[in-house]
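What follows is a single structure, written as structure tokens, with notes after it.
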Amino acid sequence: MTMRRVLLVGQDKGGSGKSLVVRALAESVVTARIVELEDEKRLVELDDRVDFFPVRAERSEIDRTSGAAARSEYDGVIDLMARKPAAGATTPEPLIVDIGANASRSFLPEVASRAARYGRIGVEFAMLTVITAEPGAASSAPVVLDLARPFAKPLFAIENQIEGAVDAKVLKALGKDVVLRRLARLTLDPKANDLLQKGGLRFIAERLGEAEDSLSERFGFAAAGRMIQDLTTFRAQAMGAVAPMAEWLEKGA
């Protein structure tokens, strides 16, 4: 049986860089389909590859009902992960599931409760979380991994040093079974950051070279050179950080 590989990406604290990681994965594995489970569309530049599922239940209501308020909202994603390959396809397309902030604690148990059924139809899972030095993100990451540990293997974590290095003890506490990668902090030229926010990593890969002349005319030759260098370096670092997860999506364990 050819397995369908599903990489779940979760971090309940916003601002951790999770969407950046998903974008890097999408660039690395061009055959992958992306599932966006969020309150609003964020991966707009990848719209041709994204299946969007809105999360409407408030966190307080999810907690009050022990997750029942969100259960039916996840049916579409649960079904999509079990979907058979398209007619004529020899192998199932890999999936990257971007789990929105505050959704992991209700969504992952829904997946866990169906783990045996998924296994019978040839679906295997890996879990990726992003951890930063921000206290909320640092405390959320191990919780996300623990929720996925019963059914997902391998487990991945990316230390995003946007807030500085994460304490070594915090990283060690993630567990010996976690494959850890780092995304070093890089100070971008403000204008380069604006371009990144508008176009994402896809812009860097597909349009940055052809935009060099217009950037030079608009900002000057020197500034345009800094922007191009910063964005190219940033993309390379992001792609390097997700390399083990991309390899799993393409080849398996």
Side-chain angles (χ1 to χ4, degrees), residues 5-29 32 34-39 42-43 55 59 95-109 111-112 125-188 193 196-197 200-201 233-249 253:
R5 290 182 284 275
V6 179
L7 178 63
L8 306 169
V9 187
Q11 165 55 265
D12 273 353
K13 184 67 172 64
S16 65
K18 178 175 63 65
S19 293
L20 166 67
V21 167
V22 171
R23 287 180 165 98
L25 284 164
E27 287 291 306
S28 298
V29 188
I34 299 97
V35 176
E36 188 175 20
L37 185 60
E38 280 279 8
D39 56 349
R42 302 177 193 273
L43 306 174
V55 177
R59 180 71 210 184
L95 294 179
I96 302 165
V97 181
D98 181 9
I99 309 169
N102 295 321
S104 293
R105 298 188 193 206
S106 53
F107 176 70
L108 292 176
V111 180
F125 294 94
M127 184 75 221
L128 166 62
T129 191
V130 182
I131 186 168
T132 75
E134 194 279 326
S139 62
S140 171
V143 173
V144 170
L145 291 173
D146 283 344
L147 287 170
R149 196 168 261 114
F151 66 89
K153 184 179 181 181
L155 301 173
F156 299 103
I158 291 179
E159 177 197 0
N160 186 0
Q161 296 184 341
I162 188 173
E163 303 279 353
V166 178
D167 186 278
K169 293 181 180 178
V170 174
L171 295 176
K172 185 177 181 180
L174 295 177
K176 294 182 179 180
D177 58 339
V178 176
V179 178
L180 179 65
R181 300 286 287 189
R182 288 180 175 85
L183 181 58
R185 182 174 183 175
L186 177 65
T187 301
L188 292 175
N193 190 57
L196 179 64
Q197 297 303 317
L201 296 179
T233 301
F234 184 81
R235 180 178 182 273
Q237 289 185 354
M239 301 287 277
V242 304
M245 307 101 207
E247 183 177 10
W248 179 84
L249 278 169

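Just so you know, residue 1 is the first one in the sequence shown, and it goes up from there. No hydrogens, no waters, no symmetry mates; every other heavy atom, side chains included, goes into these values. If you're wondering where the values come from, they're calculated on a predicted model, not measured in any experiment.
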Completion exercise
In short, salt bridge (Lys or Arg N to Asp or Glu O under 4.0 Å) pairs touching residues 14-24 with sequence neighbours left out are Lys18-Glu38, Lys18-Asp98, Arg23-Glu45
Fill in the blank from the handout: Rounded to the nearest 0.5 angstrom, the OG-CG distance for Ser139 and Asp12 is 9.5 Å
Handout entry: Which atom of Ser19 lies closest to which atom of Leu43, heavy atoms considered
Key = O-CD2, 4.3 Å
Problem - Test item: Ser140 side-chain N/O and Gly136 main-chain N/O as donor-acceptor pair under 3.5 Å - result: no
Practice task
Only pairs at least two apart or in different chains count here, so list each salt bridge (Lys or Arg N to Asp or Glu O under 4.0 Å) that has a residue in residues 160-178.
Solution key: Arg149-Asp177
Practice task
Ignoring hydrogens and angles, tell me if any N or O in the side chain of Glu36 forms a donor-acceptor pair with the backbone of Arg42 under 3.5 Å.
Solution key: yes
Problem - Gap separating the CG atom of Leu108 from the CZ atom of Phe125, nearest 0.5 angstrom - result: 10.0 Å
Handout entry: Heavy atoms of other groups near Leu180 CG, more than 12 under 6.0 Å
Key = yes
Fill in the blank from the handout: Smallest heavy-atom separation, Leu147 atom then Pro109 atom, equals CD2-CG, 4.3 Å
Practice task
Looking only at non-hydrogen atoms, find the nearest pair between Ala238 and Ala24 and report the distance.
Solution key: O-CB, 3.8 Å
Handout entry: Check against side-chain contact (heavy atoms from CB on, under 4.5 Å), Arg5 and Val29
Key = CA-CA 12 Å; Arg5 290 182 284 275; Val29 188; over 6 Å; no
Exercise for the section: Any chance you could measure Lys13, atom NZ, to Ser104, atom OG, to the nearest 0.5 Å? Expected result: 13.5 Å
Practice task
For residues Val97 and Val6, report the shortest heavy-atom separation together with the two atoms involved.
Solution key: CG2-CG1, 3.7 Å
Handout entry: Residue pair Ile34 / Ala26: nearest heavy atoms and the distance that separates them
Key = CD1-CB, 3.9 Å
Practice task
Could you grab the distance from atom CZ of Phe156 to atom CG of Leu8, nearest 0.5 Å is fine?
Solution key: 11.5 Å
Problem - Pairing residues for Phe107 by the ring-ring contact (aromatic ring centres under 6.0 Å, His included) criterion, not counting sequence neighbours - result: Tyr74
Practice task
Find the distance between CD (Glu159) and OG1 (Thr132) and round it off to the nearest 0.5 Å.
Solution key: 9.5 Å
Handout entry: Gly164 versus Ala133, closest heavy-atom pair with distance
Key = O-CB, 3.8 Å
Exercise for the section: Using atom types as modelled and distance alone, determine if a side-chain donor or acceptor of Arg185 lies under 3.5 Å from a backbone N or O of Gln161. Expected result: no
Handout entry: Ala157 backbone acceptor or donor facing Thr129 side chain under 3.5 Å
Key = no
Completion exercise
Interatomic distance, CG@Leu128 vs CD@Gln11, rounded to 0.5 Å, equals 10.0 Å
